[in-house]
Peer 1: 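Here you go, one structure.
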Amino acid sequence: MEDKKVLFSAIQPSGILTIGNYLGALRNFKKLQSDYNSIFSVADLHTLTVKQDPAVLRKNTYELTALYIACGINPDESILFAQSHVPCHAELTWILNTVTYPGELSRMTQFKDKSLKHEDNINMGLMDYPVLMASDILLYQTELVPIGADQKQHLELTRDLAIRFNNRFGETFKVPEGYFAKNGARVMSLCEPERKMSKSDANENAFISMNDDPATIVRKFKRAVTDSDNRIVCDENKKGITNLLTIYSAFTDKTIEEAEKEFEGKGYGEFKVRVGEAVADVIEPIRQEKNKLLQSKDYLDSVLKSGAERAQYVAYKTLNKVYKKVGLVPRIRG
Ligand code: AQP
């Protein structure tokens with residue numbers, strides 16, 4: 001790899017991605033990839049913390065691989081791989097578990113939210129999710145992690161674990177920094193704007209999926225929850241309208257102030273259609289390109305294979321260092 005800083009980010013194939021994942025993560029990857037040694041992962045192991053239909057998970061893994069490429073990730077320039085294809089991730093998780101305390105995991109917001117949502121399946125993996133995420137990041141001596149604001153708490157834990165391990169065993173891991181997009185770092189549900197937009201939401205009208213066609217996108221925006229005061233401005237008490245303005249400004253690259261001015265005196269009906277059209281203009285070419293890529297499974301398999309080989313090479317170096325530091329006898333390879 002070239003002598004640049006390392007950037008790592010991962011997305012779970014736990015459903016079809018939403019415009020939240022796109023604005024909070026994917027869109028920024030394309031802008032950043034050439035300035036860093038960029039590593040992007042399909043976080044398939046993470047999805048198992050919630051019940052998955054195995055056939056759908058396999059399909060979603062290809063969907064996400066194709067989507068990364070359709071959004072501009074160049075698999076020859078960046079490393080693109082499936083998390084389960086690089087065993088070092090699970091191996092480092094075990095070691096990091098031995099320096100992680102249950103209390104710091106049980107107070108994670110995502111763990112609490114998901115425990116409420118999946119009361120019938122509060123498993124150890126769900127609680128351990130942030131440690132697997134820390135392993136993902138630390139294995140590559142990552143310096144920059146572009147993520148949505150919802151993942152900030154998990155990144156803090158990653159930093160704490162890296163510092164704790166380094167203090168106990170000597171300098172081993174780089175301590176990573178987060179990269180948060182100014183606009184769209186937290187996209188909210190269209191039906192409950194006080195909650196974040198999530199791809200696993202049971203209500204399909206709550207999110208815009210990267211698979212939605214233009215007519216569906218506009219229809220969903222028309223149904224978005226707003227309020228009755230008919231002013232199109234950002235305001236703490238107008239969460240629905242604030243969310244729509246944020247989405248509009250992110251997709252059109254206009255500032256919130258410019259967007260507010262543009263819609264001054266206009267009705268909510270017209271505003272919602274315009275937001276939908278702005279989103280569809282960006283999403284539709286990506287959807288078409290992704291669907292084209294999905295026709296060629298052999299190509300996607302070859303991308304994942306070569307990505308895993310390149311990722312494993314880098315990850316192994318860190319894992320060996322970790323094993324040595326904690327006192328394990330080095331494995332003789334070959
Ligand atoms: N609503 C959001 N706004 C901005 N960014 C978001 N991200 C997720 N939701 C939003 C960012 O997308 C990246 C990938 O997320 P992930 O799939 O690894 O996990 P997640 O945060 O749990 O995403 P979802 O959509 O909510 O998935 P489910 O429903 O399966 O839990 C991350 O960088 C995240 O910040």
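Remember, it's 1-based here, ligands and their atoms both numbered in the order they're listed.
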Peer 1: Classify the side-chain pair Y248/E260 by whether it contains a donor and acceptor separated by less than 3.5 Å.
Peer 2: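 No, because no side-chain N or O of Y248 sits under 3.5 Å from a partner of the opposite role on E260.
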Peer 1: Hey, does P146 come in under 3.5 Å of ligand 1, counting only N/O atoms on both sides?
Peer 2: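 Such a contact does not occur with ligand 1.
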Peer 1: With respect to G20, determine whether any N or O atom, backbone or side chain, lies less than 3.5 Å from an N or O atom of ligand 1.
Peer 2: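 Yes.
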Peer 1: Got a sec, which residues hit ring-ring contact (aromatic ring centres under 6.0 Å, His included) with F251, two or more places apart in sequence or on another chain?
Peer 2: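 In terms of ring-ring contact (aromatic ring centres under 6.0 Å, His included), with neighbours along the sequence ignored, F251 is linked to Y22.
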Peer 1: Which ligand 1 atoms are under 4.0 Å away from a heavy-atom of A25?
Peer 2: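 Ligand 1 atoms under the 4.0 Å threshold to A25: 12 (O), 13 (C), 33 (O).
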Peer 1: Classify the contact between S198 and ligand 1 as side chain, backbone, both or neither, using a heavy-atom distance cut-off of under 4.0 Å.
Peer 2: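 Both backbone and side chain.
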Peer 1: For ligand 1, does M188 get within less than 4.0 Å through its side chain, its backbone, both, or neither, judged by non-hydrogen atoms?
Peer 2: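 Contact part for M188 vs ligand 1: neither.
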Peer 1: Under a 3.5 Å cutoff, is there a donor and acceptor pairing between the side chains of T142 and K174?
Peer 2: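 Distance-only check fails for T142 and K174.
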Peer 1: Counting from 1, what ligand 1 atoms have a heavy atom of I147 closer than 4.0 Å?
Peer 2: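 Those qualifying, in numeric order: 33 (O), 35 (O).
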Peer 1: Which ligand 1 atoms are under 4.0 Å away from a heavy-atom of S14?
Peer 2: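 Listed by number with element: 27 (O), 28 (P), 30 (O).
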Peer 1: Please indicate whether any nitrogen or oxygen in T18 is less than 3.5 Å from any nitrogen or oxygen in ligand 1.
Peer 2: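 Between T18 and ligand 1 (N or O atoms, distance only) the closest approach is not under 3.5 Å.
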Peer 1: Which of the atoms of ligand 1 are close to S200, meaning less than 4.0 Å from one of its heavy atoms?
Peer 2: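 Those qualifying, in numeric order: 28 (P), 29 (O), 30 (O).
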Peer 1: Can a side-chain donor-acceptor contact be found between T61 and D44 if the only test is distance below 3.5 angstrom?
Peer 2: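 No, no side-chain donor-acceptor pair sits under 3.5 Å.
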Peer 1: For atom 21 (O) of ligand 1, which of the options D150, L155, T47 provides the nearest non-hydrogen atom?
Peer 2: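 Nearest heavy atom to atom 21 (O) of ligand 1 lies in D150.
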Peer 1: Quick one: do the T18 and S209 side chains pair a donor with an acceptor below 3.5 Å?
Peer 2: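 No, S209 and T18 have no side-chain donor paired with an acceptor closer than 3.5 Å.
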Peer 1: Looking only at side chains, do Q33 and N74 share a donor and an acceptor under 3.5 Å apart?
Peer 2: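 Q33 vs N74: no donor-acceptor pair found between side chains.
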Peer 1: Looking at the rings of F40 and F29, which for Trp means the six-membered one, are their centres under 6.0 Å apart?
Peer 2: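 Yes, close enough.
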Peer 1: Apply ring-ring contact (aromatic ring centres under 6.0 Å, His included) to H89 and Y140, showing your working.
Peer 2: CA-CA 10 Å; H89 291 250; Y140 299 96; 5.6 Å; yes
Peer 1: Might you point out which heavy atoms bring I11 and L64 nearest each other, and give the distance in Å?
Peer 2: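 Result for this residue pair: O-CD2, 3.3 Å.
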Peer 1: Using a 4.0 Å heavy-atom threshold (strictly under), name the region of R186 that reaches ligand 1: side chain, backbone, both or neither.
Peer 2: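 Looking at R186 and ligand 1, just backbone atoms fall under 4.0 Å.
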Peer 1: Return a yes/no value for D201: is any of its N or O atoms, backbone included, closer than 3.5 angstrom to an N or O of ligand 1?
Peer 2: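 No; the residue has no nitrogen or oxygen that sits under 3.5 Å from a nitrogen or oxygen of the ligand.
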Peer 1: Is it the case that ligand 1 has an N or O less than 3.5 angstrom from some N or O of S9?
Peer 2: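 Looking only at distances, the answer is no, because the N/O contact criterion of under 3.5 Å is not met.
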